[in-house]
Amino acid sequence: MSLSSTSPLWRAKTLLSKQTQVLFRIYSSQQEKPAEKRYTDTVLLPKTNFQARINGKKRVEMDQYLLDKCGFSHLYEWQRVNLEGPDFVLHDGPPYANGEPHMGHVINKVLKDITIRSKVMNGQRVHYVPGWDCHGLPIELKALGSQKNLSELTPLQIRSQARKFAEETVTKQRQVFASWGVMADWKDSGCYLTNNTSYVKNQLHQFLTLFKKNLVYRDFKPVHWSPSSRTALAEAELEYNNDHQSKCATVRVHLVSLPSRLSAYEGKAVYGLTWTTTPWTLVANQAIAYSLEAKYCLAEDSEKNLYIIATELLEKNIEKIGELSIVTSFSGSDLAGTEYSHPITGNTMPFLPGSHVNTDQGTGLVHTAPAHGQEDFLVALENKIPVLSLVNEEGKYTSEAGSDFEGLSVLNQGTEAVLTRLAQNVLHTETITHSYPYDWRTKKPIIVRASHQWFIDTNSIKEKALECATKVNMYPEQHRTSWTNALLTQLKQRPYWCISRQRVWGTPIPVLYYKDSGEVFLTEDWIARLCKLIEKHGSDCWWEFSVEKLLGRKLRAELNLTGSELEKGNDILDIWFDSGVSWSAVLPEKRANIYIEGMDQFTGWFQSSLLTSVALQGCAPYEDVFVHGFAVDKNNNKMSKSLGNVVNPEEIIKGGKNLNKNPAYGVDVMRWWVASHATQHTLVPMKDSLLQGSAETINKLRLVFKFLLGTLNTYCETRKNTIEPQYHCLDEYMLHKLYHYHKEIQSFYQKYQYHNVSKAIINFMTNEVSALYCHVIKDRIYCDKVDSPFRLGALDVVGEVLTTTTRSIAPILPHLAEEVWLHHPENLASVPIFHTNYRILESWNKPEVEKFIEKALDVKQQIDKLKDQNSWQLRANVKASPQDCELLMHLQKDETSSTSELCDICQVSSITIFKDDSCSELKVELESVDRQLCKRCRRHQEPDDDELCDRCAEVISSL
């Protein structure tokens, strides 16, 4: 048969070396020893320095040794030079440079590394540039810490501290990620940082392109606003607190102009009844919204007051404010033209139809404050009502709110102050517990507040974005629902994206404003000038230089400007825009094969990348999206410092102070944990039992590799001649199984099913390789002549098994794979396994051989059930149907044999096959054999009174 021509190791055909001959001839000088010991030195036992187990500090030392010895730090550059394209492009979602590496980093970076290593192992070049998100509030908060003089710091001082903190964090994280074996060019030139000069310049150009396409604009709109951070926030920067408590109020507003349908009640006390969860916004009330589809009624209380309320909600409100009786009913459309007196200012305000109004809760009349609600704002926009904003960036009422409210924090004193002012018009209050958005960094509640911001017009690109998103392949497929519910649903509902932030640590929005009109100044020449300045002075120049200096003499002259007419904006770009345009700065063709991130990025980086890419180049920036789970503790709780359940990855790898309590597992145990659990589960528990299980699995693999390596030890001996190897059916069966194992593993890698890869590896190694093949060939490997053709055939197969399985584990367990390869008898030059190529031969695929062996294994299974002693001391009688006999006869030509391959597989002294036409299934009977087993091989029976079987006697006589 033909083996891999690309693997010269397995082509070796060895003869007995002088060294081995000397070793074997020791037999002649040891006749005085007991029989069993006398033959020990004639048995070809496995020999290798590969250790079956490495624990503790030695494991840590070995990991570092392999990193250095096997060129981990050079692998990325090596494959860029030595492998062929087209490139497989994995785009790295940049983590925040604001803390120590944690288990979330482990899951993300290891999954990405498994992905690109699997491609390189198959000979495909990859493009992977690690990045960091270096701007934004998270870093600013960490950098400034608990300093007391924050208000006294200048923008340049804040930026300096934030930059230093980000740089230090990147340095630390870069070192740790590299120590996990993550393949990348970890030099500065091989990574991208969102605060790098080249990256900032690219952002400015992309912003200009969006502006020229009329897809970015400035407007006064309500946005998520964090009073604790004093900036606008994106949806992805919110955390929802399910235990938030809000004081709600049922409030009446006095009608000053009734609709014609209710003209009969002119002169009576008629009120609109509204319910709000944010009473503090009543100060900014500008309308009452109603539903055109709802049914309303006029209901009277015991004091003859009349209230307009949705008929469907009447009973629920009676429970709150007391008995009400219906006077008349009417439709929502009848409320057109109704006006009321503002409950605080007394100004006349309108009733307006609103598509968002429903009868699920409340009163069917919705208090509308356009400055503090997205739906409220749309009502104002549709009716051309100027938006009234009475709350500043600190979340406090401004002077325009009136002396009763000025300076009060709306989230603290605001509600009580308003309810006190409204007094008799507050008919009921209640406290509800519900989900409410919080600032993800300060952990404090946010408000919705209108302010001047920059927006991307997502309405204009929504349909194209949805079309592109539906074509993206999702891995695992089970997350398709989440992709639809989270990303696509939000895209459908999102009218705009606020991309401005009121901070200083970030990329400045490169816009100047005319002082007299507030109009925007933004041109190509201006952006080109600004980019030159940033190239020379860094982006700090925006805060350091005057407008005149920023514009420069030449541009001022060309535009006929002095510079004094203009002023700089104070906003920076949203960090989601920062990272969202990374595809345009990092990817050679502006598209990636895959993005790999956690589920939280459905509304984060996945979405910001999609929106910017569709807006700028009309397509998604990724073909595939691979979503992974989150690390949680043993109780499935999210890891956080406040809960004290954070697990330090370095402690897993290097162990704690007490190694007995917190052992050093090494990098590969952690990587195996990721591969086995992080691809298919939303929550990925980090607990001792899983780590111990991963360690035990790797130790099982080490034992198998130790045997395979030891078995090949004679391959490194000096060769003088060659003998053509021969193969039993079991050898061909092993190659057949190896062929299909390789196909299955590759399929799992291509589908990013790394949990199935790990299952397939351990199942194949422990069952087909160890329990079956290695177990059966031991006699042939140990006791046949060193140059026996069938022994050489087995060694060939062992070599193929070793190569294929080592390569199959390499993407997940690169350290173990390289360690195995370093101990390979023929790897004298210590070539890393990732620098080698290999291919599986189609000739290995022999399904007919599988039928023979599977039938033999059926016989063995019955023997194992029946045996009650060493099976080599048993003979088996097998009754089989003609069809089964035909299969078994491929493994045993004679009716009875003690040396057939069938005997080897079943591990019995002899087998007799009986053909029985009436036999529908195999039937096995066992008999004991009286003769002793050979003192050398412990497998064949001794002929007469000799100590050795015929085979062993022939081997000994040839020494």
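Position 1 is the first residue of the sequence, and the numbers go up from there. Side chains are part of it too, since the values below use all heavy atoms of this structure and drop only hydrogens, waters and symmetry mates.
Counted by atom type alone, Tyr496 and Gln374 present one or more donor-acceptor pairs between their side chains at under 3.5 Å. Counted by atom type alone, Asn473 and Glu623 present zero donor-acceptor pairs between their side chains at under 3.5 Å. At a cut-off of 3.5 Å, with distance as the only test, no side-chain donor of Asn195 or Ser539 sits close to an acceptor on the other residue. Side-chain contact of Trp605 with Glu597: a donor-acceptor pair under 3.5 Å is absent, judged by distance alone. Side-chain contact of Asp63 with His815: a donor-acceptor pair under 3.5 Å is absent, judged by distance alone. Counted by atom type alone, Thr603 and Gln490 present zero donor-acceptor pairs between their side chains at under 3.5 Å. Side-chain contact of Asn648 with Glu651: a donor-acceptor pair under 3.5 Å is absent, judged by distance alone.
Tyr438 pairs in a side-chain hydrogen bond (donor to acceptor under 3.5 Å, both in side chains) with only one of the listed residues (Lys443, Lys444, His244), which is His244. Of the candidates Tyr622, Tyr595, Trp583, Phe626, Tyr595 is the only one forming a ring pair (Phe, Tyr, Trp, His ring centres under 6.0 Å) with His91.
A salt bridge is defined here as a Lys NZ or Arg NE, NH1 or NH2 lying under 4.0 Å from an Asp or Glu carboxylate O, and Asp113 with Arg671 meets this definition. For Arg501 and Glu140, the salt-bridge test fails: no basic side-chain N is under 4.0 Å from an acidic carboxylate O. Under a 4.0 Å N-O distance rule, the pair Arg441/Glu239 does not qualify as a salt bridge. Using a cut-off of 4.0 Å between Lys/Arg side-chain N and Asp/Glu carboxylate O, Lys172 and Glu168 are scored as not salt-bridged.
In terms of modelled atom types and a separation under 3.5 Å, the side chain of Asp571 and the main chain of Ser500 share no donor-acceptor contact. Under a 3.5 Å cut-off, the side chain of Gln173 and the backbone N or O of Gly99 do form a donor-acceptor pair. No donor-acceptor distance shorter than 3.5 angstrom exists from the side chain of Ser435 to the backbone of Asn242, with no hydrogens or angles considered.
Atom CG of Leu587 sits about 7.0 Å away from atom OG of Ser582, to the nearest 0.5 Å. Interatomic distance, SG of Cys134 versus CG of Leu193, reported as 3.5 Å (0.5 Å rounding). Taking CD1 from Ile456 and CD1 from Ile499, the interatomic distance works out to 4.5 Å, rounded to the nearest 0.5 Å.
No side-chain heavy atom of Val176 sits less than 4.5 Å from a side-chain heavy atom of Pro649. No side-chain heavy atom of Trp186 sits under 4.5 Å from any side-chain heavy atom of Ser73.
The side-chain hydrogen bond (donor to acceptor under 3.5 Å, both in side chains) pairs that include a residue from residues 678-701 are Thr679-His755, where partners are two or more places apart or lie in different chains.
A centroid separation of less than 6.0 Å is found between the aromatic rings of Phe207 and Trp454.
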